[in-house]
Amino acid sequence: MDTLLTTARLRGERSVRASFAGAAATPGDARRTVFDCQNGVFLPLAVLARSEDGLESADDSVNRAFGGLGTTRDFYKSVFNRNSIDGRGMRLDGYVHFGGKFNNAFWDGRQMVFGDGDGRMFSDFTGSLDVIAHELTHGVTELTAGLEYHNQSGALNESMSDVFGSLVKQWSLKQPADQADWLIGPEIFTPGIDADALRSMKAPGHAFDNRLFGKDPQPDHMNDFVNLPDTEPGDNGGVHINSGIPNKAFFLTAVRIGGFAWEAPGLIWYESLKASHAETQFQDFANTTYRKAAELYGDDSAEQLAVLAAWQDVGIQISGILAGVARARSLAADRNGATGRENGLATVNKQIGALTAQVTGLARDVTALKGQVTTNG
């Protein structure tokens with residue numbers, strides 16, 4: 001209960017700060033600083049533990065937080081040429097050992113907060129790189145699309161953090177899409193808890209199933225969308241639950257395209273995030289990714305076909321694309337593994353050619369029948 005109440009307060013602070021994002025985002029050089037809360041909850045009383053120019057700390061939590069902040073910062077700079085969270089070199093402050101047995105990590109709109117976990121269910125939250133990157137990405141989202149934190153826009157907000165959190169981990173390990181685990185926070189649970197991770201992007205709904213937490217409630221298809229009240233107990237309309245649907249769409253896009261997921265798939269999602277707005281819904285975002293794939297890689301490119309097929313597989317049809325056409329293009333993407341624009345187009349053209357031949361044949365038969373009728377007339 002203490003964790004839930006504290007998290008709610010921090011989320012409220014994040015929402016307020018997001019409304020003043022332009023004023024709060026000051027230019028800088030993305031310097032990292034980690035502070036030790038010493039189990040307190042009043043951040044101004046935290047003591048300096050490690051700075052950008054300082055020595056490594058004797059505290060592993062401090063060093064893990066420092067490293068996670070740096071890896072996330074370097075990922076955004078190297079992959080998307082984004083200078084820190086705000087694109088202007090925003091400094092990265094982290095606070096470890098927050099509260100007593102605090103079971104969470106949180107971006108509050110200005111800094112990262114890490115709990116130690118209770119040691120029974122959850123371990124130290126600095127131990128998961130994708131969780132660190134997930135939380136920092138909330139800052140990127142606030143300062144780009146500003147997705148409102150409730151219902152579908154909130155689930156997209158959470159999904160963006162899962163997507164880029166996973167990409168940071170994959171980038172740090174140099175893993176191609178087909179070798180990544182696509183798990184969020186596999187290091188968070190203690191060894192005594194029977195759970196793979198907090199969430200699975202590859203298989204939403206299958207990250208855990210035990211007596212303590214029950215079964216992972218995430219859906220992976222719009223048919224199973226979970227309608228919850230837009231309240232704190234209702235997870236703000238299911239933001240952590242329904243995020244499984246766009247998460248699965250990104251996973252499917254990445255594995256269809258192949259190679260490194262932070263390259264074409266990540267760029268499509270990043271540009272789509274920047275093109276979104278506060279009230280963007282699943283359908284809106286799906287349409288945007290389809291359009292951005294065309295802008296970046298061309299109409300009917302392997303990348304665009306992969307995006308189309310992925311959203312269709314989670315129950316979202318791209319607007320303006322007839323269902324039959326979408327299925328044909330999806331089959332083309334699947335047959336060719338979405339490895340090349342020419343291969344995808346060749347398959348579609350072959351199908352069109354076969355249909356044209358059938359129509360031509362039918363036309364000849366009709367002409368012949370007409371001739372027989374005239375002769376016998």
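For reference, positions follow the sequence shown, starting with 1. Keep in mind that this is a model prediction, so the values were computed, not measured.
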*Does R82 have any side chain to side chain donor-acceptor pair (under 3.5 Å) partners at least two apart in sequence or in another chain, and if so, which?*
Y270

*Interatomic spacing from CE in M201 to CG in N247 - rounded to 0.5 Å*: 4.0 Å

*Grab the two heavy atoms, one from L147 and one from S153, that are nearest each other, plus how far apart they are.*
CB-O, 3.6 Å

*Residues two or more places apart in sequence or in another chain: which of them pass ring-ring contact (aromatic ring centres under 6.0 Å, His included) with Y76?*
none

*Check: D60 main-chain N/O paired with N63 side-chain donor or acceptor under 3.5 Å*: no

*Is a side-chain donor-acceptor pair under 3.5 Å present for S51 with D53?*
no

*Hey, would you say the Y290 and F285 ring centroids sit under 6.0 Å apart?*
no

*Check the pair E52 / T33 against side chain to side chain donor-acceptor pair (under 3.5 Å), numbers first and verdict last.*
CA-CA 6 Å; E52 193 69 53; T33 309; over 6 Å; no

*Less than 4.0 Å between a side-chain N and a carboxylate O, is that true for D181 and K169?*
yes

*Determine whether the side chains of E187 and S123 contain a donor N or O and an acceptor N or O closer than 3.5 Å.*
no

_When you compare the side chains of H240 and E158, does any donor N or O come within less than 3.5 Å of an acceptor on the partner?_
yes

_Carboxylate-amine/guanidinium proximity below 4.0 Å for D59 and R50_ = no

*Does a side-chain N-to-carboxylate-O contact under 4.0 Å join D216 and R199?*
no

*asked:* As an exercise, state the distance from CD of E303 to OG1 of T289, rounded to the nearest 0.5 Å.
replied: 13.0 Å

*Return the minimal non-hydrogen interatomic distance between G165 and A133, and the atom names on each side.*
CA-CB, 3.7 Å

*Please assess N287 against S319 for the test side chain to side chain donor-acceptor pair (under 3.5 Å), listing each intermediate value before the final yes or no.*
CA-CA 6 Å; N287 292 342; S319 299; 2.9 Å; yes

*Results of side chain to side chain donor-acceptor pair (under 3.5 Å) for D196 - residues two or more places apart only*: none

*Please list, chain by chain and in numerical order, all residues satisfying ring-ring contact (aromatic ring centres under 6.0 Å, His included) with H134, sequence neighbours excluded.*
H138

*State whether W171 and K174 meet the cation-pi test: NZ (Lys) or CZ (Arg) under 6.0 Å from the six-membered ring centroid, and within 45° of the perpendicular axis.*
yes

*Would F75 and F80 count as a ring-ring contact (aromatic ring centres under 6.0 Å, His included) if you check the C-alpha gap in whole Å, the side-chain angles of each, and the deciding distance to 0.1 Å?*
CA-CA 8 Å; F75 165 83; F80 302 125; 5.6 Å; yes

*With sequence neighbours excluded, what pairs up with N227 under the side chain to side chain donor-acceptor pair (under 3.5 Å) test?*
none

*For F114, enumerate each residue passing the ring-ring contact (aromatic ring centres under 6.0 Å, His included) test, keeping only those at least two apart in sequence or located in another chain.*
none

*Any Lys/Arg nitrogen of D313 or R256 sitting under 4.0 Å from an Asp/Glu carboxylate oxygen of the other?*
yes

*side chain to side chain donor-acceptor pair (under 3.5 Å) between N157 and T141: does it pass, once the steps are laid out?*
CA-CA 7 Å; N157 191 317; T141 297; 4.5 Å; no

_Side-chain donor/acceptor of D118 to backbone N/O of K101, under 3.5 Å_ = no

